[in-house]
Structures are given as structure tokens and as C-alpha cells.
Amino acid sequence: MYEDLSVERFMSGLRKRNPNEPEFHQAVHEVAQSVIPFILDNPRYQDAAIIQRMTEPNRTLMFRVVWEDDNGNIRVNRGYRVQFNNAIGPYKGGLRFHPSVNLSILKFLGFEQTFKNSLTTLPMGAAKGGADFNPKGKSDREVMRFCQSFMTALYRHIGPNVDVPAGDIGVGAREISYLFGQYKRLTNEFSGVLTGKALEFGGSLIRTEATGYGNAYFMEEMLKQRGDSMIGKTCVISGSGNVAIYCAEKILQLGGKVVTLSDSSGYIHDPDGMDTEKLDWVKDLKVKRRGRISEYAEKFGCDYFAGKRPWDVPCDLAFPCATQNELDGDDAKVLASNGCIGVSEGANMPTTLEGIDVLQKNRMLYGPGKAANAGGVAVSGLEMTQNSIRMAWTAEELERRLHNIMVGIHAQCAQHGAEDDDYIDYVKGANIAGFIKVADAMLAYGVV
Ligand code: NDP
Ligand code: 2IT
């Protein structure tokens with residue numbers, strides 16, 4: 001039935017079945033390009049229609065979220081949970097609260113999570129969820145009421161052995177706490193149903209830092225493979241949220257120099273580079289005061305570029321850590337012509353397919369998000385383990401485990417992505433390595 005499987009034919013069917021979902025098409029296309037040739041060489045996956053099954057979520061939940069704002073107005077948002085694949089463990093993945101959230105974006109994120117979670121080597125399936133709710137400018141009480149209403153709709157579909165949500169854009173410690181409190185109230189159960197919890201009620205040390213730290217470690221591994229290191233490298237980062245801040249922190253610890261951060265309004269360029277004091281100031285700005293990155297330029301006397309992304313700042317290394325499709329083909333050409341040697345993605349799918357093509361044709365190091373940012377969900381997995389054994393590991397223990405996991409992910413990519421000229425195609429490596437474990441589990445279950 002699937003004898004004439006080809007990327008073009010497969011993608012045209014997928015587009016027809018999922019109209020108006022451009023981000024989902026993009027994420028699947030990237031995977032199909034590496035995995036379909038592998039499937040053609042390994043017909044058992046083709047006979048069992050594994051790629052057809054992996055691109056169809058197990059279950060998609062969409063629900064109304066009604067809440068009352070501080071002025072007594074009734075507000076309505078749309079909530080989602082896309083439970084993509086639970087072949088190798090309970091559904092696992094973040095929640096995103098952002099006005100741009102729609103089914104296409106959550107399906108792309110849930111699909112990528114399948115491969116990412118598999119690469120961590122921990123027993124986690126894949127999901128993503130969220131809402132088109134905009135936390136910006138909302139009071140704490142408004143965010144609380146929204147989270148409570150969201151969880152009231154979601155709680156019956158999740159659980160520590162069923163589906164374990166976490167944070168993503170717009171969902172951090174404050175939101176996870178409100179969501180956990182409501183889950184506990186509704187179910188009369190204290191369990192590890194969410195990760196990214198506060199330390200007082202089952203959270204893990206290093207989870208806050210994990211995605212950004214892991215991304216810097218991944219870049220370090222890519223550099224090591226070429227006999228190079230982070231020391232003295234000028235680094236450009238986009239975003240100034242959880243991932244960007246801790247990516248910057250680890251780059252500093254590894255000897256690199258960080259010269260930019262951004263938000264959706266623009267970027268700051270600090271040619272002197274940041275230090276821990278400046279970064280601590282950014283943490284306070286973003287986490288406590290919920291301010292804008294432009295304030296950094298005023299505070300430390302450097303340039304701010306409104307409405308721009310930082311890719312034209314000359315650098316050795318680039319770390320997109322804000323959002324999807326923030327680095328396109330033209331940006332990639334600018335990076336290459338400025339002498340940039342590597343890109344490691346803290347964000348999910350920040351580089352367009354054209355952008356990836358330019359980076360790889362220039363033989364630049366390119367670590368795709370599903371490998372490079374897997375440290376976040378990996379420490380979420382370790383939070384689940386600690387909850388199960390009712391113990392809390394030390395920061396040193398957790399960082400050692402995080403580092404080992406990132407080194408292991410790099411090794412899996414190198415194994416499956418090696419090209420004839422010694423170049424490593426990390427996209428191919430991550431996709432094939434992530435695919436094999438999930439696909440083999442699905443084969444073992446038979447037709448389910
Ligand atoms: P945060 O909400 O903490 O920060 C998001 C940052 O990105 C902010 O600086 C925000 O700016 C910026 N941003 C968001 N949307 C846009 C946009 N449309 N255009 C430009 N800038 C934008 O989120 P995280 O740091 O947690 O997430 C960042 C990325 O990392 C996302 O792609 C996420 O999926 C990914 N990721 C997160 C993980 C985690 O553990 N948190 C794990 C793995 C990946 P502004 O404040 O102006 O909106
Ligand atoms: O994209 C991601 O991997 C996350 N937002 C983290 C998911 C998680 O379950 O920790």
C-alpha cells in the first residue's frame with residue numbers, strides 16, 4: 001500500500017489532511033526529508049505505516065476557557081492539549097500561553113517533542129498544549145483565574161502516568177504553581193502531574209536553568225567535535241526569557257562572550273559583553289518586573305534596535321532562543337558572511353527550512369532545537385523520577401545528569417548524521433535517532 005512512499009507524495013497527502021497548518025507542515029517536512037530515505041532502507045517501518053501513524057496525534061483536545069478579568073468582564077479563550085504520541089512513556093511537553101497559539105503551532109511543537117523526548121533516553125511520550133491567552137499586562141489575580149479555569153477543563157485528561165505538562169512561552173513558575181494548586185484542589189491528589197514546579201512542592205533544582213544550560217552544552221559538544229571550544233567566542237542570542245537568560249549564563253561560564261538579547265520589540269547590543277551582574281539584573285527585569293529588554297540599553301548605556309532581530313551583529317556563534325521562524329534564509333546568509341561558525345537552537349524551530357539549507361550548505365555547525373534544547377524536558381523527566389521516588393537530588397547531581405544527557409544526545413546525532421566529508425548533519429542525526437526508539441516501540445505493540 002505504501003510502496004511508492006516519497007517525501008513529495010507523503011507531504012502532499014499530509015497537507016491535504018491538515019489544511020491551513022503551515023508550521024505543522026514545516027516541522028513534518030524537515031523530519032520527512034531525513035526519515036523517509038531511512039524508512040525506504042528499512043521496509044519494516046514502511047509496512048507498519050509508522051510515519052503515517054507518527055504524524056497523526058493520538059488525541060487532540062480543544063476547550064473553552066472562561067474567566068473574569070479585574071474589571072468584571074467575562075473573557076473567553078481557547079485551550080488545547082495535543083497528545084501526540086505515548087509509545088515510550090506518558091505524554092510529556094509544555095504549555096504555551098501566547099496570543100499567536102493555534103492548532104498548527106501546537107501540532108508542530110507536539111510532533112517535534114516526540115523526537116526530542118526520545119533523544120533524552122528518558123521514558124517520555126510527547127504532547128503540547130496551551131491557549132491563545134496573553135499574559136502580558138495581566139495582573140497576578142487575572143493570571144490565577146485564567147490558570148484555574150484552564151486546569152478545570154484539562155485536569156481529567158492528565159495525570160502523572162498519563163500526561164505531564166510543563167512550561168513554555170508565557171508559562172513559568174507562577175503559572176505552573178496556579179495550575180498545580182487547582183489540579184490538587186480538583187483531584188484531592190498530590191502528585192507529579194506537572195513539571196517545573198516550585199521547590200517547595202516537588203520541583204527540581206536546575207529545571208529553571210536546564211534548557212538554556214543544555215543548549216550551551218550542546219554547542220560546546222559541536223565545537224569539541226571540531227577541536228574547538230566556547231572560549232573567547234562572541235555569541236549572539238535572541239530572546240530574553242527563561243531559555244535565553246540561562247543560555248547566556250552557561251555561555252559565560254564556558255568562556256564565551258554574550259553581546260545581544262532581544263524581545264518581541266527589538267534587541268540590545270552590548271559590545272563589551274555581559275557579566276553575571278548584568279544577567280542578574282536581566283533576571284530581575286524579566287522575571288520579577290516583567291519589563292522590556294530596551295531598559296537594558298538605558299541602564300547599561302548601549303544601543304537598542306527597535307523592531308529588529310540580532311542576526312546582523314557580527315558573531316562566532318548564534319543562539320536563537322525566542323520563537324519559531326525567527327531566522328530565515330537571508331538571516332542565515334548574513335550570519336555566514338559575517339564569519340559565524342555555528343547555530344544552536346534554544347527555541348523550537350526558530351530557523352526556517354531555507355535558513356537550515358543555507359547554514360548546512362555553508363558547512364556551519366547547526367544544532368536543531370529538538371536536540372539542542374532537549375535539556376529542559378530532560379530535567380523535567382528527572383523531576384518526574386524524583387517525584388516517583390519521593391526524593392530530591394542536589395544541584396550538582398542534576399547538572400551532572402543534564403550534562404551527560406546533552407553529551408549523549410550529541411553522540412546519537414553524530415552517529416546517525418555523519419556525512420562523507422566529516423560534516424555532521426545534526427538534523428538527520430536527531431531525526432533518525434529520535435525516530436528509531438519510538439518506531440521500534442510502535443512496531444512491538446502491533447496495530448494500535
Ligand atoms: P519565555 O516566555 O520565558 O520567553 C520568550 C522570549 O521570546 C521573550 O523574550 C519573548 O519576548 C520572546 N518572544 C516570544 N514570542 C516572540 C515573537 N513572536 N517574536 C519575537 N520574540 C518573541 O519563553 P521560553 O524562554 O521558555 O521559550 C523560548 C523558546 O524556547 C520557545 O521557542 C520555546 O518553545 C522554547 N523552549 C522552551 C523550553 C523551556 O523549558 N522553557 C524548553 C525547550 C524549548 P516578549 O517578552 O516580547 O514576548
Ligand atoms: O519545548 C519543550 O521541550 C518544553 N517547553 C519543555 C517541556 C517539558 O515538559 O519540560
Side-chain angles (χ1 to χ4, degrees), residues 23 89-101 105-106 108-117 119-120 122 124-130 134-137 163-176 192 194-197 203-204 206-215 218 237-248 261-268 282-283 285-287 290-294 296 307-310 319-327 345-351 368-384:
E23 292 86 0
Y91 301 111
K92 179 83 195 91
L95 296 171
R96 178 177 291 191
F97 291 169
H98 193 273
S100 65
V101 161
I105 289 176
L106 296 179
F108 113 65
L109 289 161
F111 178 69
E112 291 230 308
Q113 202 83 40
T114 312
F115 299 81
K116 185 193 305 193
N117 293 4
L119 286 168
T120 66
L122 302 174
M124 296 183 290
K128 199 82 187 191
N134 186 0
K136 276 202 199 99
D163 182 355
V164 182
D168 193 77
I169 292 177
V171 178
R174 174 182 63 171
E175 291 74 20
I176 294 291
L194 292 161
T195 61
K197 300 185 292 299
S204 173
I206 304 294
R207 177 62 190 89
T208 307
E209 295 86 347
T211 311
Y213 277 19
N215 189 32
F218 195 83
I237 301 182
S238 67
S240 51
N242 171 266
V243 178
I245 289 173
Y246 290 98
C247 182
L261 287 174
S262 74
D263 58 25
S264 55
S265 311
Y267 78 88
I268 57 101
V282 176
K283 285 179 200 169
L285 171 79
K286 284 291 171 178
V287 180
R290 295 178 189 273
R292 309 302 297 161
I293 200 64
S294 57
Y296 181 104
K308 293 226 156 92
R309 293 185 166 132
F319 298 85
C321 295
T323 192
Q324 65 275 357
N325 291 330
E326 54 166 323
L327 199 165
E345 296 182 338
N348 286 306
M349 207 170 75
T351 310
K370 61 170 79 77
N373 73 35
V377 75
V379 176
S380 277
L382 300 178
E383 182 171 331
M384 291 166 71

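Just so you know, ligand 1 is whichever comes first in the structure, and atom 1 is the first atom listed for that ligand.
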TODO: Could you pull out the closest heavy-atom pair between Ile268 and Ile293, with the gap in Å?
DONE: CG2-O, 3.4 Å
TODO: Side-chain contact test, heavy atoms from C-beta onward, threshold under 4.5 Å: evaluate it for Lys283 versus Tyr246 and give yes or no.
DONE: yes
Open item on the list: Is there a side-chain contact between Glu112 and Gln324 in this structure, where contact means two heavy atoms from C-beta onward sitting under 4.5 Å apart?
Closed with: no
TODO: Check Leu122 against Ala378 and note the closest heavy-atom contact, atom names and distance.
DONE: CD1-O, 3.3 Å
Open item on the list: Less than 4.0 Å from atom 10 (C) of ligand 1, is there any heavy atom belonging to the protein?
Closed with: no
Task: Residue part near ligand 1, for His98, under 4.0 Å between non-hydrogen atoms - done: side chain
- [ ] Would you please determine whether Gln113 falls within less than 4.0 Å of ligand 2 on a heavy-atom basis?
- [x] yes
Open item on the list: Looking at every non-hydrogen atom in both residues, tell me the closest pair between Pro135 and Arg174 and how far apart they are.
Closed with: CB-NH2, 4.4 Å
TODO: Check Val379 against ligand 2 and report side chain, backbone, both or neither, counting heavy atoms closer than 4.0 Å.
DONE: neither
Open item on the list: Does ligand 1 come near enough to Lys116 that some N or O of the ligand is less than 3.5 Å from an N or O of the residue?
Closed with: no
Open item on the list: Please classify the Arg96 to ligand 2 contact at 4.0 Å (heavy-atom distances, strictly less than): side chain, backbone, both or neither.
Closed with: neither
Task: Pairwise side-chain contact, Glu175 with Leu95, heavy-atom cut-off 4.5 Å (strictly under) - done: no
Open item on the list: Distance under 4.0 Å to a non-hydrogen atom of Ala166: what atoms of ligand 2 satisfy this?
Closed with: 8 (C), 9 (O), 10 (O)
Task: Within-4.5 Å side-chain heavy-atom neighbours: Ser264 and Lys136 - done: yes
- [ ] Report yes if the side chains of Thr323 and Arg96 come closer than 4.5 Å at any heavy-atom pair, otherwise no.
- [x] yes
Open item on the list: Pairs of nitrogen or oxygen atoms closer than 3.5 Å, one from Gly167 and one from ligand 2: do any exist?
Closed with: yes
Open item on the list: Taking Gly375's backbone N and O only, do any of them form a donor-acceptor pair with Thr211's side chain (distance below 3.5 Å, no angle check)?
Closed with: no
Task: 4.5 Å side-chain heavy-atom contact, Ser204 and Val379 - done: yes
Open item on the list: Measuring from atom 48 (O) of ligand 1, which candidate in Glu209, Lys136, Gln113 has the nearest non-hydrogen atom?
Closed with: Lys136
- [ ] Give the contacting part of Ser262 toward ligand 1: side chain, backbone, both or neither, where contact means a heavy-atom distance below 4.0 Å.
- [x] backbone
TODO: Determine yes or no for a side-chain-to-main-chain donor-acceptor pair under 3.5 angstrom, with Asn117 supplying the side chain and Lys92 the backbone.
DONE: yes
Task: Protein contact to atom 46 (O) of ligand 1 [nearest heavy atom, distance to 0.1 Å] - done: Arg292 NH1, 3.5 Å
TODO: Would you indicate whether the side-chain heavy atoms of Asp168 and Lys128 approach each other to under 4.5 Å?
DONE: yes
TODO: Say whether, by atom type as modelled, one donor and one acceptor occur between the side chain of Asn373 and the main chain of Ala347 under 3.5 angstrom.
DONE: yes
TODO: May I ask you to check whether Val243 has an N/O atom sitting below 3.5 Å from an N/O atom of ligand 1?
DONE: yes
Task: Proximity winner for atom 38 (C) of ligand 1, if only heavy atoms of Thr211, Thr208, Val377 are counted - done: Thr211
Task: Atom indices of ligand 2, in the order listed, that fall short of 4.0 Å to a heavy atom of Gly94 - done: 7 (C)
Task: Sub-4.0 Å atoms of ligand 2 with respect to non-hydrogen atoms of Ser380 - done: 8 (C), 9 (O), 10 (O)
Task: Side chain Arg309, main chain Gly266, donor-acceptor under 3.5 Å - done: no
- [ ] For Ser240, take its heavy atoms, then give the atoms of ligand 1 lying under 4.0 Å from any of them.
- [x] 9 (O)
Task: Heavy-atom closest pair, residues Ile176 and Gly167 - done: CD1-N, 3.8 Å
Task: Atoms of ligand 1, numbered as shown, that sit under 4.0 Å from any heavy atom of Ser264 - done: 11 (O), 19 (N), 20 (C), 21 (N), 45 (P), 47 (O), 48 (O)
Task: Atoms in ligand 2 with a heavy atom of Gly93 nearer than 4.0 Å - done: 7 (C), 9 (O)
Open item on the list: With heavy-atom distances below 4.0 Å as the criterion, list the atoms of ligand 1 near Ala347.
Closed with: 29 (C), 30 (O), 32 (O), 35 (C)
Open item on the list: Which of the numbered atoms in ligand 1 are under 4.0 angstrom from any heavy atom belonging to Thr323?
Closed with: 15 (N), 16 (C), 17 (C), 18 (N), 19 (N), 32 (O)
Task: Residue part near ligand 1, for Arg207, under 4.0 Å between non-hydrogen atoms - done: side chain
Open item on the list: Heavy atoms only: which of Ile105, Val379, Ile169 lies closest to atom 14 (C) of ligand 1?
Closed with: Ile169
Open item on the list: Considering non-hydrogen atoms of the protein only, which is the closest contact for atom 33 (C) of ligand 1, and what is the distance?
Closed with: Asp168 OD1, 3.2 Å
Task: Per-atom contacts, ligand 2 versus Lys128 - under 4.0 Å to a heavy atom - done: 1 (O), 2 (C), 4 (C), 5 (N)
Task: Test of proximity, Asn242 against ligand 1: N or O pairs below 3.5 Å - done: yes
Task: Protein contact of atom 29 (C) of ligand 1 - nearest heavy atom, named by residue and atom, plus distance - done: Ala322 O, 3.2 Å
TODO: Would you check whether Asn348 has a nitrogen or oxygen atom less than 3.5 angstrom from a nitrogen or oxygen atom of ligand 1?
DONE: yes
Open item on the list: Students should be able to answer this: which protein heavy-atom is nearest to atom 9 (O) of ligand 2, and at what distance?
Closed with: Lys92 NZ, 2.6 Å
- [ ] Taking only heavy atoms of Cys321 into account, list the atoms of ligand 1 that are under 4.0 Å away from them.
- [x] 28 (C), 29 (C)
Open item on the list: Please classify the Ser100 to ligand 1 contact at 4.0 Å (heavy-atom distances, strictly less than): side chain, backbone, both or neither.
Closed with: neither
- [ ] Return yes if some donor-acceptor pair links the side-chain N/O of Glu383 with the main-chain N/O of Gly196 below 3.5 Å, else return no.
- [x] yes
Task: Residue and atom name of the nearest protein heavy atom (relative to atom 6 (C) of ligand 2), distance in Å to one decimal - done: Arg207 NH2, 3.5 Å
Open item on the list: How close do Asp163 and Ala127 get, counting heavy atoms only, and between which atoms?
Closed with: OD1-CB, 4.1 Å
Open item on the list: Measuring only between side-chain heavy atoms, which start at C-beta, is Asn348 closer than 4.5 Å to Lys116?
Closed with: yes
Task: Which atom of Cys247 lies closest to which atom of Asn215, heavy atoms considered - done: SG-ND2, 3.7 Å
Task: N or O contact, Arg96 vs ligand 1, cut-off under 3.5 Å - done: yes
Task: Proximal ligand 2 atoms for Lys116, defined as those under 4.0 Å from one of its heavy atoms - done: 1 (O), 2 (C), 3 (O)
- [ ] Could you tell me whether Gly170 and ligand 1 have an N or O pair separated by under 3.5 Å?
- [x] yes
Task: Interatomic distance, Arg292 atom CZ to Ser262 atom OG [nearest 0.5 angstrom] - done: 9.5 Å
Open item on the list: Any nitrogen or oxygen of Asn373, side chain or backbone, less than 3.5 Å from one on ligand 1?
Closed with: no
TODO: Heavy-atom contacts with Gly239 under 4.0 Å: which atoms of ligand 1 show up? List them by number with element.
DONE: 9 (O)
Task: Gly196, Ser238, Gly167, Gly241: member with heavy atom nearest to atom 8 (C) of ligand 1 - done: Gly241
- [ ] Starting at CZ of Phe319, measure out to CG of Leu261 and round the result to the nearest 0.5 Å.
- [x] 12.0 Å
